[in-house]
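Each residue takes its place number in the sequence, starting with 1. Counting starts at 1 for both ligands and their atoms, following the listed order. Worth knowing before you read on, the calculation uses all heavy atoms, side chains too, and leaves out hydrogens, waters and symmetry mates.
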Amino acid sequence: MARSRRDPAPRWTAVFLLWTALCCLFVPAVMVKHENFKTCDQSGFCRRNRQFADTAAATSSWSSPYTVDPTTIAFKDGELHATVVKTLQDGVQNVELPLTVTFLDSGVARVTLDETKRQKGDITLRHDSKARKERYNEAGKWTLVGGLKVADGAALSEKAEQGYTKVFYGDGSKHQAIIRHAPFGIEFQRDGETQVKFNERGLLNLEHWRSKIEKPAEEKKDGEEEKKEEEKKEEAAGEDESTWWDETFGGNTDSKPRGPEAVALDITFPGYEHVFGIPEHATRLSLKTTRGGDGAYSEPYRLYNADVFEYEMDSPMTLYGAIPFMQAHRKGSTVGVFWLNAAETWVDVVKAKSTANPLSLGTKGHTDTQTHWISESGLLDVFVFLGPTPQDLTRQYGELTGYTAMPQSFAIAYHQCRWNYVTDEDVKDVDRKFDKHKIPYDVIWLDIEYTQEKKYFTWDPLTFVNPDTMGKQLDKSQRKLVVIIDPHIKNTNDYPVIDELKKKDLAVKNKDGNQYEGWCWPGSSMWIDCFNPAAISWWKGLFKYDSFKGTLPNTFIWNDMNEPSVFNGPETTMPKDNIHFGGWEHRDVHNVNGMTFHNATYQAISERKKGELRRPFVLTRSFYSGSQRSAAMWTGDNLAEWSHLEASLPMILNQGISGFPFAGADVGGFFGNPSKELLTRWYQAGIYYPFFRGHAHIDTRRREPYVPGAPYTEIITQALRLRYQLLPAWYTAFREAHTTGAPIVRPNFYVHPEDERGFAIDDQLYIGSTGLLAKPVTKEGATSVDVYLADDQPYYDFFDYTLYQGSGTHTVPAPLEKIPLLMQGGNIIPRRDRPRRSSGLMKFDPFTLVVVLDKDGAAKGELYIDDGETFDYETGAYIHRRFAFDGKRNVLTSTNAVPVGAKATAKLEAYLKSMNKVRVEKVIIVGAPKTWKGKTEAIVMEEGAKESARKKTIAMEFHSGSGKSADWAIVRDPKVGIGRGWKIDFS
Ligand SMILES: *[C@@H]1O[C@H](CO)[C@@H](O)[C@H](O)[C@H]1NC(C)=O
């Protein structure tokens with residue numbers, strides 16, 4: 001869900017629904033409401049900083065007014081402290097800014113700049129504001145969970161030149177930070193080459209505190225003229241005061257009690273042509289430039305979590321979530337920055353002819369990417385990553401903000417949602433229809449209409465009469481229910497939840513310190529303030545089984561509207577001068593707000609009754625860096641249009657490299673009715689979303705997979721079965737994400753970081769480390785797709801083993817019933833081939849291993865499994881196997897991938913015992929050597945088997961491929977345990 005328009009008063013709902021039902025007989029022209037959202041020019045601090053940048057660029061003698069006072073520099077225990085002085089234009093007064101540069105053990109550097117006067121609270125707020133006086137310094141408290149160990153080895157360079165301070169750090173002291181004193185700037189080098197530059201263009205701008213000087217009202221007669229003159233002068237000096245003290249947009253006025261307080265910095269990546277990251281935007285993976293010109297954007301990328309429904313394609317406009325982590329990539333190197341700031345942020349991206357030494361960059365690195373980061377408030381707090389690989393970046397960023405949570409196994413299967421399944425009988429009927437059509441699914445979802453008048457934690461007594469019975473029917477096939485719970489609490493009589501929220505004083509406050517009241521789905525509402533620990537404790541209580549009656553252990557939660565969406569608020573969200581727990585203005589915390597809410601829900605459902613410890617599942621719409629620790633996300637309210645299907649791929653790939661890989665888009669498109677072809681293609685693409693859910697708006701026609709009929713239903717069912725068949729591969733990819741920060745679906749540059757031609761490719765993806773390469777069809781009427789192969793390994797069609805080989809583009813047939821999916825040679829892919837109704841019913845099913853030989857006849861792969869439900873895996877209760885096919889000896893082996901020395905706990909013993917009978921039922925060798933022709937036997941050896949059973953001969957079949965398809969061999973039922981070591985000798 002959710003929005004389409006302001007919710008009308010409840011009694012009008014019926015009329016309204018009838019009206020919209022009639023309307024949707026015609027295709028409505030839907031488009032984002034641009035006028036609801038600010039452009040940079042309408043956002044005072046963004047405009048001021050762009051003006052500042054323009055002034056700097058236009059001034060040949062521009063010199064940044066920031067200098068390091070060399071007498072203040074102190075270096076101790078991996079941390080450098082100094083005072084940066086900002087010289088004001090009057091040339092008399094100066095502003096003191098404490099600088100800290102921390103060199104972390106991981107090789108990452110962190111730069112923070114604060115403002116002494118605000119830090120000490122030595123300022124006065126306007127309008128009797130009760131807000132805190134400091135620059136917001138708690139973004140890290142919500143975001144950072146590790147990786148902060150300071151490097152012992154970091155050291156000041158002994159032969160620092162006059163005017164510079166140099167620090168060596170990182171593994172083998174390969175990294176160097178060169179701090180220039182006047183003007184202040186930092187260059188970050190790796191192996192003597194500059195990779196990242198701060199303040200090279202002199203755009204550092206920390207708007208210091210000042211008191212408002214009330215100007216006498218201008219005289220009427222020549223006032224206008226004078227004012228214009230004045231403005232011109234100010235603009236030239238980069239000091240446009242018109243937006244310092246208050247700002248009005250769309251009828252809402254922001255009182256700005258602390259005046260201007262933006263923080264901005266230019267960051268240059270010399271020799272880097274591509275930058276990726278900073279989700280969430282409906283744009284390409286390789287970010288476009290933002291200051292106009294051919295095909296470029298003219299607005300900066302904006303990060304200000306907002307309910308932007310019916311959002312537009314190919315746009316730097318803000319969306320629901322924000323991750324201010326950017327990676328720059330070129331052949332041989334990936335570097336990046338993480339801009340830790342929770343306020344509204346804008347990022348300009350410009351590409352320029354490189355100033356870097358051409359010799360050190362090889363022939364291609366002739367472009368610099370220049371970025372300009374602008375936040376409304378808070379500290380300057382930036383982490384710098386020097387790579388050199390994309391894997392280093394995702395790992396180090398993950399160390400700081402946390403790796404993605406290990407989901408329950410049902411959570412990576414198929415989810416069926418719509419706004420709304422209207423009664424408990426409707427839910428049960430949909431459940432039966434899936435079974436009747438033999439279509440697998442794991443989870444059915446309820447949007448807001450299940451509640452009694454939008455009061456969360458209640459059921460509509462007329463439509464959801466027996467939620468218990470409904471939940472139990474789902475549980476019979478191990479299926480789950482997800483219900484929506486939003487952060488706005490209906491402000492009404494006779495609702496204990498709002499009474500408690502008010503009485504315990506746990507709601508967000510307005511600028512006057514009273515509980516803030518706004519408008520959302522339920523009408524008048526208040527918002528739980530999850531920055532308050534007491535609010536989290538209270539929230540947890542609401543989910544207990546005896547409190548949220550009618551929910552069962554198979555009920556999980558969807559958090560929507562947590563940007564937060566406020567229908568009558570500025571830009572559909574909260575006023576920035578609202579106050580949160582701790583006295584922080586909403587302005588300071590806006591982008592982390594949604595995360596504190598879904599994290600509270602995660603805590604709440606992790607233990608709904610004492611001792612019941614299972615992995616929670618929470619879906620969130622709003623997110624920030626760190627959200628991956630407690631939620632999955634989806635890309636919000638998209639449209640049933642081909643362009644939205646297409647855009648979902650780069651968006652999800654971008655989530656993956658930005659540390660929040662458990663991502664999906666509404667399959668079928670939320671608004672509007674997809675054609676049967678579009679719906680089918682969307683399922684064929686959706687099976688590659690880490691989070692895979694079909695969803696639809698209340699005004700759309702039903703579109704469950706069994707609805708479209710022949711041949712579509714059958715084709716969609718095949719796609720769903722393919723997802724279920726590959727669940728072992730997906731689960732293994734999640735494990736890798738959980739332990740290393742690697743994306744679950746991966747773009748070409750991440751897998752082939754040396755392949756320049758593939759850097760910008762964002763319409764095909766690799767699944768984990770499996771070598772599975774998918775190219776979803778996103779064009780109407782397509783009968784083939786062009787797949788780009790970066791390397792010269794053989795790639796085989798997943799279904800018929802057709803061979804594609806040679807780096808470059810290959811045309812792969814893709815009629816409607818065909819899903820373009822290739823297997824890269826060199827990989828072993830685990831599958832479970834038996835069709836079931838849900839993933840829970842596959843728990844003890846046997847495995848198939850597909851061994852795809854590389855050009856040298858070898859292959860390797862992994863499988864991770866655990867109970868899929870509890871936290872026992874944390875204490876070692878899991879199976880992790882490594883498979884390898886030795887191309888010289890023609891032997892396939894299964895060895896333990898669990899780290900040597902890991903403890904054999906009782907829980908592990910119990911788990912292994914439960915899996916004792918689970919075996920490998922098929923081994924398929926794709927690209928089998930011709931010399932195997934005529935062979936009919938292979939030899940199996942299993943460790944721990946009885947002497948007599950240790951070595952046995954089993955039948956093998958060899959199949960010659962026809963035309964372009966490969967030879968393959970198969971061994972059926974070698975009877976080897978999935979949890980044990982074994983060998984199969986094909987020689
Ligand atoms: C998540 O909840 C835990 C427990 O209440 C808390 O310690 C942590 O700070 C929260 N994190 C976020 C991001 O809200």
Flag for [Y]-[X]: side-chain donor and acceptor within less than 3.5 Å:
| X | Y | result |
| --- | --- | --- |
| D866 | Y864 | yes |
| S43 | E344 | yes |
| T596 | N599 | no |
| N559 | H598 | no |

Side chain to side chain contact (heavy atoms under 4.5 Å, CB included) between R110 and L340: does it pass, once the steps are laid out?
CA-CA 10 Å; R110 179 184 194 177; L340 179 52; 3.9 Å; yes
What short N/O contacts, under 3.5 Å, does ligand 1 make with the protein, listed by atom pair and distance?
{"from": "ligand 1", "atom 1": "2 (O)", "to": "N599", "atom 2": "ND2", "distance (Å)": "2.3"}
{"from": "ligand 1", "atom 1": "2 (O)", "to": "Q603", "atom 2": "NE2", "distance (Å)": "3.1"}
{"from": "ligand 1", "atom 1": "11 (N)", "to": "N599", "atom 2": "ND2", "distance (Å)": "2.8"}
{"from": "ligand 1", "atom 1": "14 (O)", "to": "N599", "atom 2": "ND2", "distance (Å)": "2.9"}

Do R395 and Y403 form a cation-pi contact, if we require the NZ or CZ to be under 6.0 Å from the six-membered ring centre and within 45 degrees of the ring's axis?
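No.
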